[in-house]
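Contents: one structure, followed by commentary.
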Amino acid sequence: MSFTVPDIAWAQLAPVLIVLGAAVVGVLVEALVPRRVRRVVQLTLTLVALAAAVVAVAALWNGVADTGGTEVLGGSLLVDGPTLVLWAITAVLALLAVLVIADRTATGEDAFAPQGAAVPGSGYEEAARAAGLEQTEVYPLVLFATGGMLIFPATGDLLTLFVALEVLSLPLYLLTGLSRRRRLLSQEASMKYFLLGSFASALLLFGIALLYGFSGSLRYAEIAEAVRTVTGMDGLLLAGSLLVLAGLLFKVGAVPFHSWTPDVYQGAPTPITGFMAACTKVAAFGALVRVFYTVVPDLRWDLEPVMWTVAIATMAVGTVVALVQTDVKRVLAYSSIAHAGFVLTGVVALVQSGITAVLFYLLAYGAATVGAFGIVSLVRERGAVRSGAAGAVGAAGAAGAAGARVPALAAAGSSARAGASAGSTADVVGTGAGAGAGAGDGVDRPAVAGADGEEPPVEAEGPILGEATHLSQWAGLGRTNPVLATTFALFLLSFAGIPLTAGFTGKFAVFSAAVEGGAWPLAVVGVLASAAAAFFYVRIIVLMFFTSPHGGPRDDADDEARPGAVVVASQGFAVVAIGACAVLTVLLGVLPGPVLDAVAGVAQLLP
């Protein structure tokens, strides 16, 4: 018996291998590299890997454009034109998202809890924070998720599709629960995402089993052939197709599988929210397009009513519910749901131009999304402080309790805690720092009273706290930070589909494809939903530029008023990412032709 060595096109797998290989190296870095340099090593490794993945995609472009694509690993992966476009979009957006993830404020804090396993508000968490511990495991987790996102839209069989889904989902479940502040809300969001995601994965797995029972194969091409030839088992085919589509629609956040989206977007660390909102949608829509266009196109008349209903409901629910939201992250979450409906109009069209339109829309939406959440991560609320000895006593008591409960961490961070105790002369209102609770655990506690039993006076300005996500806190931001507010307004206008922005070109492309494919009612609903959605985008712009921080129209006296939110200084990584996203948003709106032509030239799926 002789062994035949498999012929594997390793070059075509280079982008995936680079990202997943760097993720494995990142795990080793966590175990072997000293803590003091671990963050720098992990960040450098992550950025280099994602940049190398973009270069690898560029190196493959001409070959794929000439040949039409290659089947890799016996057809398990299909490296064709749409795959390369989706890989490029995912890698670029992940690179920009990592810059936001890596950013630190002027106080040296990032967006992640010092110890993800610590109970919120516990002495262990306080000691970890005082010791200056960091969750550098975030970087390999992001790389593993990105690797899964690269595989997901390139799969050529249902088994690989399921494996890729789990590879991209499991790291996201963990990352969602690592927020530095509002820890309970973050962990709740992580649990919801995990439970609902597991349910969706089960639906997908049941659908895969039924389609295998129908066709006797897991390969997309063989299932599509069975759809045209096998008779007498239509029930298995329809049920399996609907369950697989349900699992994919969950990942894109389409109605009625959208309930996880607002809670997870709100509870997750804001940089992770931007990463999820942009990159996960790119991967999930890529997989949905491949399944819908290559596996079940002959079921168009059976599946079309379902997909039309989902698209219309997604646009309507996302738009209507966003109108009544008061939290900026929830507004953007329901906005993402509405955008999923807009993209679905291009998917349902089932025409060649629909593939090009969907791919361009994903790039335009992803750039604006990463930039918008990057800005949200920089806008913070300021807490008032109570001066006096009581605050110092409370802070010292907190540090002492933490050190008593966790001697090892207390020893590791003794110098940091000593400095904190010496300088802690104030108790932040609403954070419970003087009561020994974890800052940002989501629990408001009464202020510590002074020696005479009366509350100490409140000073005019206090320390910077968590993100200012309530819309009322964004009032007047355009006066105090005009550049940042103008950039955020640009992203909102792109979401609304205003001309000369990338969002307008993307919406025009998907609606045109829908009309070409005979789905003009979806285009009409999309235009109406876009018009209605413009209201809550413009409302935020009016709030930032034409509203006083104290409510009502602006006047000259507002220049002397302290704003409800401040923009924090940072290391600059997020600013670079936001600037790049803004440039992309403008260029794709003003000069979309070269990108549309490049995408259209390779937008041909392998069968």
Side-chain angles (χ1 to χ4, degrees), residues 23 26-27 29-30 35 38-39 42-43 45-46 94 97-105 107-122 124-146 148-149 167-197 260-280 329 333 370 373-374 376-378 380 406 409 437-443 465-467 469 570 573-574:
V27 175
V29 168
E30 286 298 315
R35 181 184 300 165
R38 195 178 297 162
R39 175 180 178 270
Q42 290 281 30
L43 177 57
L45 175 66
T46 304
V98 166
L99 291 176
V100 181
I101 291 169
D103 204 18
R104 286 174 166 179
T105 64
T107 60
E109 290 185 351
D110 57 17
F112 303 96
Q115 280 289 301
V119 176
S122 65
Y124 185 91
E125 184 179 60
E126 283 300 315
R129 180 179 290 109
L133 299 186
E134 295 179 302
Q135 287 287 143
T136 50
E137 297 92 339
V138 166
Y139 299 102
L141 287 174
V142 168
L143 286 175
F144 276 120
T146 304
M149 293 170 187
V167 172
L168 77 88
S169 296
L170 293 176
L172 293 179
Y173 300 152
L174 295 175
L175 291 168
T176 300
L178 295 180
S179 180
R180 175 175 287 270
R181 290 184 167 84
R182 295 191 289 187
R183 297 279 290 119
L184 293 178
L185 184 65
S186 179
Q187 292 184 355
E188 178 188 354
S190 178
M191 182 60 68
K192 287 180 179 178
Y193 195 15
F194 170 70
L195 293 176
L196 293 177
W260 62 275
T261 307
D263 291 338
V264 171
Y265 281 26
Q266 183 182 23
T270 301
I272 297 300
T273 304
F275 172 66
M276 272 194 306
C279 297
T280 304
K329 292 176 73 173
V370 172
F373 281 106
V376 172
S377 70
L378 295 179
R380 303 296 182 93
V406 192
L409 284 178
D441 61 358
V443 181
L465 305 177
E467 288 97 348
T469 59
S570 70
F573 292 122

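What's counted below: heavy atoms across the whole structure, side chains too, no hydrogens, waters or symmetry copies.
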Problem set entry | Val27: side chain to side chain contact (heavy atoms under 4.5 Å, CB included) partners, not counting sequence neighbours | Pro140, Phe144

For this session: Report the C-alpha separation of Ser570 and Leu378 in whole Å, then their side-chain angles, then the decisive distance to 0.1 Å, and conclude whether the side-chain contact (heavy atoms from CB on, under 4.5 Å) test is met.
Result: CA-CA 8 Å; Ser570 70; Leu378 295 179; 4.1 Å; yes

For this session: With sequence neighbours left out, write down each residue that passes side-chain hydrogen bond (donor to acceptor under 3.5 Å, both in side chains) with Ser190, or none if nothing qualifies.
Result: none

Tabulate below the donor-acceptor pairs under 3.5 Å that side-chain atoms of residues 171-179 make, not counting sequence neighbours, or state none.
{"from": "Thr176", "atom 1": "OG1", "to": "Leu172", "atom 2": "O", "distance (Å)": "2.7"}
{"from": "Ser179", "atom 1": "OG", "to": "Arg181", "atom 2": "O", "distance (Å)": "2.8"}

Problem set entry | Considering all heavy atoms, the nearest Glu125-Val119 contact | CB-O, 3.9 Å

I'd like a table of donor-acceptor pairs (distance under 3.5 Å, sequence neighbours excluded) in which one partner is a side-chain atom from residues 261-268, with atom names and distances.
{"from": "Thr261", "atom 1": "OG1", "to": "His258", "atom 2": "O", "distance (Å)": "3.1"}
{"from": "Asp263", "atom 1": "OD1", "to": "Arg330", "atom 2": "NH1", "distance (Å)": "3.0"}
{"from": "Asp263", "atom 1": "OD2", "to": "Lys192", "atom 2": "NZ", "distance (Å)": "3.0"}
{"from": "Gln266", "atom 1": "OE1", "to": "Arg330", "atom 2": "NH1", "distance (Å)": "2.9"}

For this session: Give the minimum heavy-atom separation between Met149 and Leu168, together with the two atoms involved.
Result: N-CB, 3.8 Å

Seminar exercise, completed: Sorted by chain and residue number, the salt bridge (Lys or Arg N to Asp or Glu O under 4.0 Å) partners of Arg39 (sequence neighbours excluded) come out as none

For this session: With sequence neighbours excluded, tell me which residues meet side-chain hydrogen bond (donor to acceptor under 3.5 Å, both in side chains) with Tyr139.
Result: none

Problem set entry | Any residue meeting side-chain hydrogen bond (donor to acceptor under 3.5 Å, both in side chains) with Thr270, in chain and number order, not counting sequence neighbours | Lys329, Glu467

Exercise. Excluding sequence neighbours, so at least two apart, what forms side-chain hydrogen bond (donor to acceptor under 3.5 Å, both in side chains) with Glu137?
Worked result: Gln135

For this session: Output, in order, the C-alpha distance, side-chain angles, deciding distance and verdict of side-chain contact (heavy atoms from CB on, under 4.5 Å) for Phe275 and Val100.
Result: CA-CA 9 Å; Phe275 172 66; Val100 181; over 6 Å; no

For this session: Please check if the side chain of Arg180 supplies one atom and the backbone of Ala113 the other of a donor-acceptor pair under 3.5 Å.
Result: no

For this session: Check Ala118 against Arg183 and note the closest heavy-atom contact, atom names and distance.
Result: O-NH2, 3.4 Å

